[in-house]
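The structure appears right after this line, and notes come after that.
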Amino acid sequence: MPEFVYGAVDGTVTTFTVVAASAGAGISSAVILILGIANLITDRFSMGSSAYLAASAEHDDLVHNKEKRSSSKIIGLMTFLAFVIVGSVPVLPYLIDVIANLKISSTTLFYVSSILTAVVFVLIGFIKGKVSEQSPWRSSVITLTLGAIAAGLAYFAGDILASWLGVRL
């Protein structure tokens, strides 16, 4: 379960920061979708393989010490799946907009993405709290706060850099 939470949080944070930075820079829905999906593909592979390698090294060490641990393949797969499934949420509004050719305003798409991502952060935090036998609500608030800080930093970085570099989209 820790690998699912880890993959879900990282997938959502990294994908939404790409969305937020792009929205801050005023990039179109299609380009945000391309960047978001590219992030999901490359980062999910990186996360899954890193989790596998870390678990494999830990497993080797534990086997040497006669302890048992979950299969490193399962840990890598859980991290990968959580990253892909949960990490896709921030780009869903953009995907729907592009596929259905709805031409929804970029501001509206960003608001919808933000709300969906906030709900995901709360759910991940709640699950984490339940599993770790801590306050699910406190865990939800912490997860949402950290995600919001990351998104805010990314949005303003995109906005400031686009202005500073004279990018007009």
Side-chain angles (χ1 to χ4, degrees), residues 1-54 73 75-128 139-169:
M1 184 55 147
E3 52 275 351
F4 185 85
V5 171
Y6 176 60
V9 169
D10 192 62
T12 306
V13 168
T14 59
T15 305
F16 190 65
T17 56
V18 168
V19 169
S22 301
I27 295 174
S28 72
S29 295
V31 174
I32 290 173
L33 181 61
I34 291 166
L35 294 173
I37 290 174
N39 174 74
L40 281 168
I41 291 168
T42 57
D43 211 5
R44 74 178 180 194
F45 176 77
S46 173
M47 286 289 300
S49 58
S50 295
Y52 167 76
L53 291 172
K73 290 177 184 172
I75 290 171
L77 181 63
M78 287 299 291
T79 304
F80 175 86
L81 289 174
F83 192 101
V84 172
I85 295 166
V86 182
S88 297
V89 170
V91 296
L92 285 178
Y94 297 94
L95 179 64
I96 292 167
D97 182 56
V98 169
I99 289 175
N101 198 25
L102 298 174
K103 300 192 188 302
I104 298 171
S105 78
S106 58
T107 303
T108 301
L109 288 170
F110 182 65
Y111 287 149
V112 171
S113 179
S114 298
I115 291 166
L116 291 174
T117 302
V119 169
V120 166
F121 283 139
V122 169
L123 290 173
I124 293 167
F126 194 86
I127 292 167
K128 179 188 169 291
S139 183
S140 292
V141 168
I142 290 169
T143 305
L144 177 60
T145 301
L146 293 174
I149 290 169
L153 290 170
Y155 182 90
F156 290 113
D159 183 41
I160 291 166
L161 288 171
S163 295
W164 183 59
L165 296 171
V167 175
R168 306 264 185 249
L169 304 169

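Excluded from the calculations below are hydrogen atoms, water molecules and symmetry mates; all remaining heavy atoms, backbone and side chain alike, are included.
Every residue two or more places apart in sequence or in another chain that forms a side chain to side chain contact (heavy atoms under 4.5 Å, CB included) with L146 is listed here: I142.
Defined by atom type and a distance below 3.5 Å, a donor-acceptor pair is present between the side-chain atoms of T108 and S105.
Taking OG of S139 as the reference point, atom CG of L144 lies at 11.0 Å (rounded to 0.5 Å). Note: I27 CD1 to L33 CG = 12.5 Å, rounded to the nearest 0.5 Å. To the nearest 0.5 Å, atom CG of residue L123 and atom OG of residue S140 are 7.5 Å apart. Rounded to the nearest 0.5 Å, atoms CD1 (I124) and OG1 (T117) are 9.5 Å apart. Taken to the nearest 0.5 Å, the CD1 atom of I75 stands 12.0 Å off from the OH atom of Y6. Rounding to the nearest 0.5 angstrom, the gap separating the CD1 atom in I32 from the CG atom in L109 is 7.5 Å.
Side chains of L81 and F4 form no contact here, defined as non-hydrogen atoms less than 4.5 Å apart. Put simply, the side chain of F16 reaches to within 4.5 Å of the side chain of S113, judged on heavy atoms. For the pair T17/N39, no side-chain contact is recorded, criterion being any heavy-atom separation below 4.5 Å from C-beta on.
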Would you be so kind as to tabulate the donor-acceptor pairs closer than 3.5 Å made by side chains of residues 83-102, with sequence neighbours excluded?
unit_1 : atom_1 : unit_2 : atom_2 : d
S88    : OG     : V84    : O      : 2.4
Y94    : OH     : F110   : N      : 3.4
D97    : OD1    : K103   : N      : 2.9
D97    : OD1    : I104   : N      : 2.8
D97    : OD2    : S29    : OG     : 3.2
N101   : OD1    : K103   : NZ     : 3.1

Please assess T42 against S46 for the test side-chain contact (heavy atoms from CB on, under 4.5 Å), listing each intermediate value before the final yes or no.
CA-CA 6 Å; T42 57; S46 173; over 6 Å; no

Stepwise side-chain contact (heavy atoms from CB on, under 4.5 Å) check, F121 with V13:
CA-CA 9 Å; F121 283 139; V13 168; 3.6 Å; yes

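When every heavy atom of T143 is checked against every heavy atom of G125, the shortest pair comes out as OG1-CA, 3.4 Å.
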